[in-house]
Amino acid sequence: MTMTFRAALVPLALAAMLNIGTATNAFAHAVCGDRVFPATLVMDDPGVSDELSLPTITYLPIPAANGNPGGHSIDYGFEFDKTITEDLGFAINDDYFTQHGVGQPNLKGWNNLTLTLKDKFLCIEPLELMMSMGVIHEFGGTGSGLLRSAGVIDSVGSTAPTWYVGKGLGDYPIGMFRPFGLTGELGYQISDTPSVSPHEWDYSASLQYSMPYLAQHVKALDIPDFLNHLVPLVEVSMSSPDRGPTTGQIAPGLIYLGNTFQVGVEALIPANHATRQLQGTGFLVQFHLFTDDLAYNTPIGRPLFNRNLWESQ
Amino acid sequence: MTRYTPAIVAFATAALVSGAAFAHAFLDHALPAVGATVAQPPTELTLWFTQALEMAFTGVEVTNAAGQRVDTGQVTLDPKDPQELHVPLRPLQPGEYKVTWHALSVDTHRTVGDFSFTVGR
């Protein structure tokens with residue numbers, strides 16, 4: 001080995017954080033007018049709901065570099081989303097990270113706990129336009145000491161004010177284009193200790209084509225019913241820290257949207273040269289439950305307080 | 001993670017097969033079908049939803065190209081199937097018709113939707 005143990009871990013740590021960053025950002029689906037925005041796998045959706053992602057499994061190959069033979073990481077994530085009122089909710093998520101190979105001792109342990117508070121402040125049903133604002137807080141020091149000492153997870157926390165938007169093209173005049181939907185997310189992550197972990201911009205977008213929307217609102221095709229539940233999509237998620245290169249992933253995939261659950265799978269393709277130094281093309285699989293449907297008559301499945309912050313009841 | 005696996009599998013299985021599970025009521029299919037062109041004017045529109053409906057908070061309107069209602073206003077729930085709605089129609093002329101529905105599922109989720117069908121000349 002020509003590198004010290006800690007120096008060799010730096011690219012691996014960055015790759016691991018890419019993996020963890022992917023796995024922890026799975027959120028709830030949202031409905032606005034005719035449009036159902038499914039729970040996207042890499043980024044958040046624009047709504048607030050009662051849902052559970054369990055598990056989200058992410059596999060990423062780690063390329064060989066600097067005398068390190070390469071290896072892979074597997075991350076097992078979960079997220080629990082709960083509404084406080086109809087439009088205000090919170091989410092708790094964490095993930096168990098494992099790393100194998102790479103010529104170093106295997107690593108495994110829990111990531112830092114993350115809490116999100118989010119408010120849906122706009123839904124214009126005829127336009128299928130939805131917006132939310134949220135604050136994402138990562139509690140530094142709550143994860144595995146082993147991962148922290150190896151530099152795989154942040155030793156300090158962060159807070160990220162974040163804006164979410166979703167727009168369905170249901171008002172577009174050409175029928176076959178109406179199932180298209182776009183979502184976006186923009187946040188600025190403020191580090192608790194910038195000298196240790198820099199601030200960064202996080203920005204994501206998705207393009208979706210909803211086969212359920214096509215069947216319910218545009219044209220019922222004579223195809224197997226299974227196909228009427230699919231949402232092909234592509235997500236792009238990027239991070240630009242104040243210090244260091246911009247990294248990100250392009251994630252094309254497919255979601256099966258059931259009545260009480262959804263299953264999604266996406267490839268995770270490095271979005272630029274800097275990201276390719278850290279990871280190969282991996283994949284992500286997620287099983288997602290709609291607890292607002294499964295447990296609607298319990299506090300788990302309905303808002304804790306039956307009111308909307310933006311409408312008089 | 002291994003020690004949690006049985007619980008995860010059990011929860012997921014229960015969620016998928018549970019007979020007590022409800023969900024948002026979305027349109028499953030319709031007759032005339034969504035976006036269809038039919039040769040003969042139908043006397044009734046039938047809608048099938050993905051969940052059972054609360055009829056008191058469910059409604060359907062069918063309008064012609066001029067925006068005039070062509071349904072009789074007497075929407076009924078099928079006595080044998082709480083997911084099936086029957087919408088009697090007045091005599092239809094050739095043209096495009098818009099169906100607008102709102103529904104409340106038995107688990108109190110509100111949904112809305114619309115689609116069109118055409119009666120051919």
Side-chain angles (χ1 to χ4, degrees), chain A residues 29 31-36 49-50 52 54-55 57 74-78 86 95-98 108-110 125-126 128 170 175-176 178 210 212-222 225 228-229 257-261 263 287-298 301-303 306, chain B residues 1-38 45-52 54 83 96 98-118:
Chain A
H29 78 330
V31 180
C32 182
D34 291 356
R35 178 68 48 174
V36 177
S49 190
D50 292 296
L52 177 68
L54 183 70
I57 300 174
I74 304 176
D75 195 274
Y76 307 88
F78 77 88
E86 286 181 19
D95 46 86
Y96 190 81
F97 174 79
T98 66
K108 58 183 178 181
W110 286 96
E125 292 189 352
E128 301 173 3
M176 299 308 276
R178 293 177 58 208
S210 172
Y213 193 101
L214 179 70
Q216 293 167 15
H217 305 290
V218 182
K219 178 75 175 174
L221 302 177
D222 186 18
D225 185 58
N228 287 326
H229 290 265
L257 197 55
N259 288 337
T260 57
F261 71 97
V263 180
F287 184 67
H288 191 93
L289 295 168
F290 304 143
T291 52
D292 59 341
D293 295 321
L294 290 163
Y296 71 93
N297 54 357
T298 75
R302 57 174 51 199
N306 188 25
Chain B
M1 284 295 288
T2 307
R3 63 193 168 114
Y4 296 118
T5 302
I8 293 168
V9 171
F11 185 77
T13 304
L16 288 175
V17 303
S18 170
F22 295 95
H24 292 71
F26 294 112
L27 182 67
D28 187 76
H29 63 286
L31 189 66
V34 174
T37 297
V38 294
L45 169 71
T46 308
L47 306 176
W48 286 268
F49 286 84
T50 56
Q51 297 298 326
E54 286 288 354
Q83 299 175 217
E96 184 172 331
K98 182 174 183 181
V99 180
T100 306
W101 57 265
H102 63 275
L104 189 77
S105 60
V106 292
D107 59 349
T108 72
H109 288 120
R110 173 184 164 272
T111 48
V112 298
D114 59 70
F115 67 90
S116 299
F117 68 88
T118 301

Please report the shortest heavy-atom distance between [X] and [Y], naming the atom on each side.
{"X": "B:Asp114", "Y": "A:Arg178", "answer": "OD1-NH2, 4.0 Å"}
{"X": "B:Val112", "Y": "A:His217", "answer": "O-CE1, 4.4 Å"}
{"X": "B:Val34", "Y": "A:Leu214", "answer": "CG1-O, 4.5 Å"}

Comparing A:Val218, A:Asp34, A:Asn228 against chain B, the one with the most heavy-atom pairs below 4.5 Å turns out to be A:Asp34

For A:Arg302, is it the side chain, the backbone, both or neither that has a heavy atom under 4.5 Å from a heavy atom of chain B?
side chain

Would B:Arg110 and A:Glu86 pass as an ion pair if we require N to O under 4.0 Å?
no

Rounded at 0.5 Å granularity, tell me how far CD in A:Gln216 sits from CZ in B:Phe49.
9.5 Å

